[in-house]
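Treat the numbers as computed from the prediction; the structure is a model and nothing was measured. Along the sequence shown, residues are numbered consecutively beginning with 1. All heavy atoms count here, side chains included; hydrogens, waters and symmetry mates do not.
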Amino acid sequence: MDRGLTSVQLIIPDARWQRCVVHFYRNILSHVPLDKAREVSHMLKVGLARENRLAGQEKTPAVIADLGRQRMTKVAEMVAESIGETLTFYGFTDSHWIKIRTNNPLERIMKEIRRRTRVAGNYPDGQRCLNLAAAKLRHIAGGQWSTRKYMNMIPLYAVNASTIGTAA
């Protein structure tokens, strides 16, 4: 309630967390020596570019062991700690994988808002900055972005319907 949450209508406690794969790579590679970055990047891509989550999880220990052999224990620990949340997208329909493995569309919107607020310069108060950001979001919602479908949800609904049907 202290953060402005009032009249909450729905809480989803079992929602899954998908870490952006691009940000996962960036975080890992920021701890890798420059001369090893390409090699580590290829190892991670081989581990993540699998046909399903199980295959990705089976490949992960080999990647972690290889990183350990190369004396990159910090990087190996980071991979071991966060690979599970990076592979969450495999739990969804494969037609959605490309869309939910990164948060690029949201990043694009945030980049546009940052660009607009930087151009406008300093604000006398936070409300004016918020108004500018809200105006940009309204412009996006009223434009071409809002008319295009980012993801076709029909396969997801079909999976949920079949799961519910078998559980009943």
Margin query: Holding to side chain to side chain donor-acceptor pair (under 3.5 Å), I want the full list of residues that pass it with E39, two or more places apart in sequence or in another chain.
Written below: Q70
Notebook entry, point to check: Mind checking what makes side chain to side chain donor-acceptor pair (under 3.5 Å) contact with N27, not counting sequence neighbours?
Noted result: none
Nearest heavy atoms of [X] and [Y], plus distance in Å:
{"X": "Y25", "Y": "L44", "result": "CE2-CB, 3.5 Å"}
{"X": "I100", "Y": "F92", "result": "CD1-CD1, 3.4 Å"}
{"X": "F89", "Y": "V21", "result": "CE2-CG2, 4.2 Å"}
{"X": "A133", "Y": "I113", "result": "CB-CG2, 3.8 Å"}

Next item on the list: Could you walk me through whether R101 and V22 pass the side chain to side chain contact (heavy atoms under 4.5 Å, CB included) test, one step at a time?
Entry: CA-CA 8 Å; R101 61 189 289 274; V22 174; 6.0 Å; no
Note to self: Check this for me: K59, atom NZ, are more than 12 non-hydrogen atoms of other residues, nucleotides or ligands nearer than 6.0 Å?
What the structure shows: no
Checklist line | Spatial distance of atom NZ (K136) from atom CZ (R115) [nearest 0.5 Å] | finding: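 It comes to 7.0 Å.
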Margin query: For the CZ atom of R53 and the CH2 atom of W97, what is their distance to the nearest 0.5 Å?
Written below: 11.5 Å
Quick one: side chains of residues 71-87, donor-acceptor pairs under 3.5 Å with protein atoms, not counting sequence neighbours, listed by atom name and distance.
from, atom 1, to, atom 2, distance (Å)
S82, OG, R19, NH1, 3.1
S82, OG, M78, O, 2.8
T86, OG1, S82, O, 2.8

Item checked: Any T102 side-chain heavy atom under 4.5 Å of E107 side chain -> no
